[in-house]
Amino acid sequence: MRSDCVLMKREMEVSSVRNTQQRSRRDSSLLKQEREEIKEEKERIEREKELKHTGEIERLKKHTEEEKQNQEREKTRRKEEHKREMKDRQQTDVRTAGVRSGLYLQTEMKWEIQKHLFDRLQLHERNDNTLRASDVLQITSHSLQSLESCAEEELVKNYLQKLLMMNYRARYIKTNDTNEHHQTQLTDKQSNEHNGSFYKAMSSSNAVTSKPDSIHPMDVQMALFHCSDSFLKQMMVTKLSQCQFALPLLVPDPFTQHIEFPLWTFRQINKSWKVRKTDDDIISKVQSVCTAETPMVSFFRFGSASSSKSQLMNSLINEKHNTFFHRNCPGSSRTRLLMDGVVEIAWYCPSGKDTDTFTDCVAFCNLHGDAGDHETQMKIFTEVSSVNVVLLTKLDKNDKNTTKIQDLYKDRKPLICLFTENESAVCKMKRGKYKIGLKDRNQSDVSEELRRVINDCLSSSASAFMFRLEDVSKHSDVRVDEDDEDCRRGREAAQEMMSLLENKPLTEIKESFLPCQGELWHLWCQKNKELHRPQGEELEQEKSKIETEMENIRKQQHKSDMSEFMKFFINQMNSQDANRMFFLKWLRILLDEFTSADLSALHHKYNEKWSTVLQLKENNDKSAQLKTEQTELERISKGLQDAAFGLEHIMREIGQIYESCSSVKKNKTDLQFPFSSLPSVAAEMMMSGFPLELMDGDAAHVPLIWISAVLDKLIQKLGDQRVFVLSILGIQSSGKSTMLNAMFGLEFAVSAGRCTRGAFMQLIRVSEEMKHQMKFDYILVVDTEGLRSLELAGRSTTHHDNELATFVVGLGHLTLINIFGENPSEMQDILQIVVQAFLRMKKVKLKPSCMFVHQNVSDVTAGEKNMEGKRRLLETLDEMTKLAAKDEVCDEECFSDVINFDVLHDVKYFAQLWEGSPPMAPPNPNYCENIQELKETIISQASKSNGIILTHLQKRIQDLWEALLNERFVFSFRNSLEISAYRRLETEYSKWSWSLRSAMMEIENKVQYKINEAIDEIEERDLQRELKEKNEEVKQSMSEFFDKDTDAETLVQWKTSFEIKITELQENIVRETKRKLNEILQQRDLKREIDAQRTHHENTLLEKSKELALKHKEKTNDEETLKREFDVFWEECVKKITRDSPPIRDIDILRDVRELLSDIYKSVHVEAWRESRDIFTVQSYSDYVQFKKSSGITAPVRNAYRAAKEILGYSLSKEDETQIRTFISDVVQQTDLIQSFNISKLGYNMTCIQHLTDHIKTKITRLAEEENFDKYINYIKNPRDHFKSFIRDEVSQYIRDQFSVSVQLKMSQNIELLQEKIMTAAHESTQHSNWM
């Protein structure tokens, strides 16, 4: 034990003194007495350890204090007597020995008291920096409690719990008084005994109600700080900074008194402020506190003072917040064991307003305790400070500290002396030297004077004395935590890696060092979406072409050279060094420092350019300057995206290296490790608390191969653990990441504007004790980028946001819908799209839950007052769900049928985040309490879930993303009303297009009847003139629809595009009709030409046949040879005659149907074109059956049916199957409309297809209404898809046969006649030859 060693050391010292002082018996007596005192003190400490009750400890302390005072008096008396009797040398030696022994005694007592403090806080086993961040961040039963008072042993847990949630009330936790009830009873008894004796009663009350000193809040903080490892210390200091608290800068070790400078703990802290140069020129700055150069004001105290130095400093920095803890703060006590000698630092950050206390960022340092007792700390900060402020009672020439104050006065740095016993106002003694009295003065007046004096001092000296936090490490008297071996090696590795980026423009780094994730990856993502959303006529050919292009892109990725930057990172991560975590932390810190300056400059340029563009738009300037400025704005915006460079981009590159190697099944030549080891790197990072990118925010794509591989490695390392997936959605800058960070102590990137891009997932471990209550091992938190971003405005953003929202909601067991304010309209729209997407993606069985969180709601009664708002929200969601279900032919009737949602319990209201105005405002404690309540609700809901094992999560991610890729329609809309309106527009467009097509077909038929007249050529203008009347009718109908429809405001956005679409349709059918008619004219002319040369052809064929007969007269009995030779001869002759005839076009009916329906019905699901199921040959129609809710079938029965169909493969009865087949056969019989098209005379026309499909749809609807299928059948899904087989087989065959007859009718007749004549002539010729 440390204390035992110290006691032995002191005893040895006492023995040494005794040997040197043998000349005096009194000296020996004194030493013996002191040794006895040490022994008694040691026994007292041991007794104190055994005492368990606070009251007993207090009484013991009181008794010990009295004994100590008696001993001191006796000791003083003996020493006085000793002085009078001994000689000077003997007196001096004895005095020295006594002082040395007293110091050891004092130190011993202090150590024992401090050790007892750690024991009271249950940190006795953690006093060697072994408390880890991972121990704190897991889900425990204690993390679900928010206590305002607790037992002493729970103080540390409660403090950490509130601190991680950024609740500054963490410092104000009270301890439970276990003796409170006993003391109250005792007081009442004594009061009764006194029977009204006022003075006696008051005296007795004082004695009884005296309480032992509670643990000082700052002792809790510092004890925890001393027991934490480097990462937990860094987390603590980061959270303290977010709470706007002062941070420990110089920390003496409580046992060795060595001074430590915890520079590492400051590395993640950035400060932002605004500096006003002029009224119109305000400069924003964001800098790391470690490297920022600011003036620094140091505060010291000599002796004891009646005024609080820390409280005075708070009035300068933030009058409404206790940045520095002081004696008047709640929970403060007389005993403060671990703060003496600690130097704390805080920064004042101006907001660029006239109300700012200081015009620029200023650092304030506060040395706790008597500065005279901490000369090392005082020396360091008087050297680096810009202004020194000293708190004194009065000046005394005999005071030991007078010399130090004189040195400060002589120094050229400004000095401000604050006298607690002086009543005078500010007084300037000489240049840069001031004194201010504090006694009996108004605190506000003193603060104002001090503020004014400090500003005067800074204006004259700031340029000469600037403070930089990192420079403190240069002092040899302090130990720097970054000098620890692991931290130092991690920093060196990160610095070596960063050196590879030197002299490289930030906007070009990703292109140069991370080639796999740039243009090639984005192109691959685009091709992958095209593969799932084919647009060509030949789907299989188009699919094969795209797959080949994707393979080539992967090969290019694989061939690209891997930069030294990436090689270094992969090598470092594959090493098993203990400094790997430090390396990653350092790399993230250095990357932030590397990019911050350029990003700030780019943001400044963007803001200036955006202001210029706005000004030009306000002035209605449509000149070339506006276009030029807009182009420059886009260039700067792209530069901002290119300049974003962090650890997530490095991991994204590793993912693409892995995917390219997996695709070509070969390692990269410059990769020193097998590519199969790369997912292990990401898995290790996830296990260490780093988030992993799930969806690439720049490419808007999920790298499935990479994510699946990482999850595989995670399963190998952790086992197939169960996870509960918690996701979050919200509009940009609504505080999503901030909420998650506060709830779980995470470190997702936060700031104003678009921070997170894409989606990131992070694991949170569930403690062993909580696993008994929950059915999973981890919570997987999924954070997402903000939706509806201004910089990405447009329809493409709508598509991206809807796609991202559907993915995140579908992935999560519970999704937090984060809303800034009380109006949920934006998220309401997105949720409608999510619902509609879920209804369309029937292959992915999803039933997630959601919870609405309204942030920045100041009214504490918002929940009660907004019942009407909740009702309207639910009604809107239910109405939109019904509308979506109707469109998608589903039976869901309310929002909760698709997404679990309880409007009474799943809507939360949060207070505003900040208690005041940033940048100096601390977080609002009420916000933190709201976070705690939400966390408890989430865990309560999660405990009812079984979660999902990682293997199934892997499959869900894959299925969900594949389903999203296949969906091309719904995501381009803002809400379900838009979808419904668009579908009605599709129906109207079908009518308009049919009007034009049918009118053109009539014109075509009319022209064909006149084809034998003197018509040489068909001109487009002639056809357009004929179509003009119908075209005007269609335009009038369109105009009325867009102007008078009930959803006219929604429809107007598509008016222009559909007007263009109709115009293009008109031009296409005119062009196609012209082509067809001109081909008919060509055939007419060719027929006339053939008819004119018929006699010539007949004679020629006759002569040729005679020659052929003579040639083969020896083979007259070989019919097969003669037939073969004649067929060859005949084919050559026909080719010569018909070589000028236009070729017969290959007619693909199914292709035309697909093209037509794709043009008219954008909402047709893309998967319909992939499923080539013949409706006439399917074995069962159970997949096509849905129960109507109005059919009398109860919900449990419907659910049982669905479950049976999914699990057991349940099918319909034979009777039901027979009814459906009869129904389909009836529809087929109604499609004899095809015979009325007269294709044999007029030829094939695509207009017939539209007529036919519309006719089939009408007949199906009518027949379905006539048949009584209400008992089992609701609807046969997508009739166009079901009957494409019929169209392909029946109609195509019929058209092909009729078309073949119409084209070759007369020619075949003539050829048969000629063939008969030629065969007769050949026969006659053969007979004549034989006769001869």
Side-chain angles (χ1 to χ4, degrees), residues 230-231 234 263-264 266-268 270 288 290-291 470 473 480-518 560-599 642-658 661 668-675 677-693 706 710 747 749:
S230 298
F231 301 111
Q234 188 179 70
L263 177 58
W264 165 251
F266 289 84
R267 288 295 181 182
Q268 291 187 152
N270 294 318
S288 166
C290 296
T291 57
E470 282 185 333
S473 62
V480 183
D481 59 352
E482 290 184 357
D483 291 338
D484 291 344
E485 181 69 13
D486 289 338
C487 185
R488 181 184 59 78
R489 290 174 60 189
R491 179 178 187 176
E492 289 173 353
Q495 288 176 332
E496 184 178 350
M497 184 170 171
M498 291 299 297
S499 67
L500 300 172
L501 303 180
E502 289 179 356
N503 304 319
K504 299 290 191 305
L506 181 59
T507 54
E508 299 175 9
I509 282 180
K510 282 197 289 190
E511 183 180 355
S512 302
F513 293 90
L514 312 175
C516 289
Q517 67 179 267
S560 62
D561 294 331
M562 192 162 63
S563 64
E564 292 297 323
F565 183 82
M566 288 303 302
K567 290 179 187 176
F568 188 95
F569 181 83
I570 293 173
N571 292 340
Q572 193 68 29
M573 292 303 297
N574 274 280
S575 66
Q576 298 299 321
D577 293 346
N579 66 312
R580 185 162 55 182
M581 276 292 292
F582 277 105
F583 166 72
L584 287 172
K585 288 274 190 178
W586 269 115
L587 183 60
R588 189 160 62 180
I589 292 166
L590 295 178
L591 282 171
D592 287 343
E593 289 180 2
F594 180 75
T595 59
S596 60
D598 287 348
L599 281 173
D642 292 340
F645 183 47
L647 190 58
E648 66 272 19
H649 298 97
I650 297 175
M651 294 306 299
R652 186 188 299 172
E653 184 74 6
I654 290 180
Q656 286 311 298
I657 291 172
Y658 177 82
C661 291
K668 287 180 74 75
T669 55
D670 42 6
L671 183 60
Q672 297 180 7
F673 297 89
F675 73 89
S677 67
L678 296 179
S680 183
V681 172
E684 290 283 354
M685 289 179 63
M686 283 193 71
M687 292 166 59
S688 300
F690 286 87
L692 178 69
E693 186 177 61
W706 168 244
V710 173
E747 296 180 357

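Residue numbers start at 1 and run along the sequence shown.
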Is there a ring-ring contact (aromatic ring centres under 6.0 Å, His included) between Phe582 and Phe231? Walk through the geometry before answering. CA-CA 9 Å; Phe582 277 105; Phe231 301 111; 4.6 Å; yes

Hey, is the main chain of Leu591 close enough, under 3.5 Å, to the side chain of Thr595 for a donor-acceptor pair? yes

Is there a side chain to side chain contact (heavy atoms under 4.5 Å, CB included) between Gln268 and Gln234 once you walk through the steps? CA-CA 8 Å; Gln268 291 187 152; Gln234 188 179 70; 3.4 Å; yes

Side chain to side chain donor-acceptor pair (under 3.5 Å) pairs touching residues 492-505, sequence neighbours excluded, are Arg488-Glu492

Which pairs count as salt bridge (Lys or Arg N to Asp or Glu O under 4.0 Å) when at least one residue sits in residues 560-573, sequence neighbours excluded? Glu564-Lys567

Does the side chain of Leu501 reach to within under 4.5 Å of the side chain of Phe565, using non-hydrogen atoms? yes

Salt bridge between Arg267 and Glu470, side-chain N to carboxylate O under 4.0 Å? yes

Of the non-hydrogen atoms in Phe645 and Ile509, which two are nearest, and what is the gap between them? CE2-CG2, 3.7 Å

Enter the distance from Met651:CE to Met685:CE here, rounded to the nearest 0.5 Å. 5.0 Å

Which distance, rounded to the nearest 0.5 Å, do you find between the CH2 of Trp264 and the CZ of Arg491? 10.0 Å

Passes side chain to side chain contact (heavy atoms under 4.5 Å, CB included), Met566 versus Ile654? Steps please. CA-CA 8 Å; Met566 288 303 302; Ile654 290 180; 3.5 Å; yes

What is the ring orientation for Phe583 with Phe569, classed by angle as parallel under 30°, tilted 30 to 60°, or perpendicular over 60°? tilted

Side-chain donor or acceptor of Lys668 paired with backbone N/O of Ser560 under 3.5 Å: yes

Passes side chain to side chain contact (heavy atoms under 4.5 Å, CB included), Asp481 versus Ser230? Steps please. CA-CA 8 Å; Asp481 59 352; Ser230 298; 5.8 Å; no

Partners of Glu508 by side-chain hydrogen bond (donor to acceptor under 3.5 Å, both in side chains), sequence neighbours excluded? none

Answer yes or no: is there an ion pair linking Glu593 with Arg588, defined by an N-O contact shorter than 4.0 Å? no

Closest non-hydrogen contact found for Pro679 with Tyr658 is CG-CE1, 3.6 Å

Sequence neighbours left out, what passes side-chain contact (heavy atoms from CB on, under 4.5 Å) with Glu684? Give chain and number order. Arg580, Ser680, Lys717

Heavy atoms only: give me the nearest Leu587-Ala494 pair and the separation to one decimal. N-CB, 3.8 Å

Tell me, do Phe690 and Met581 make a side-chain contact under 4.5 Å, heavy atoms counted? yes

Going by side-chain contact (heavy atoms from CB on, under 4.5 Å), name the residues that satisfy it together with Asp598, two or more places apart in sequence or in a different chain. Leu506

Are the side chain of Lys510 and the backbone N or O of Gln517 linked by a donor-acceptor pair below 3.5 Å? no

Short side-chain to backbone donor-acceptor contact, Trp586 and Cys487, under 3.5 Å: yes

How far does CZ of Arg489 sit from OG of Ser575, to the nearest 0.5 angstrom? 8.5 Å

Is the shortest side-chain heavy-atom distance between Gln672 and Ile570 below 4.5 Å? no

Please report the interatomic distance CG(Asn574) to OG(Ser677), rounded to the nearest 0.5 Å. 4.5 Å

Here the gap from Ser288 atom OG to Ile589 atom CD1, rounded to the nearest 0.5 Å, amounts to 8.0 Å

If every non-hydrogen atom of Pro515 is compared with every non-hydrogen atom of Ser512, which pair is closest and at what distance? CD-O, 4.2 Å

Evaluate the criterion side chain to side chain contact (heavy atoms under 4.5 Å, CB included) for residue pair Met573 and Leu584; output intermediate values, then yes/no. CA-CA 9 Å; Met573 292 303 297; Leu584 287 172; 3.6 Å; yes

Would you confirm whether Glu653, through its side chain, and Cys516, through its main-chain N or O, come within 3.5 Å as a donor-acceptor pair? yes

Closest non-hydrogen atom pair between Trp706 and Leu678, with its separation: CH2-O, 3.7 Å

So ring-ring contact (aromatic ring centres under 6.0 Å, His included) across residues 484-511, not counting sequence neighbours, yields none

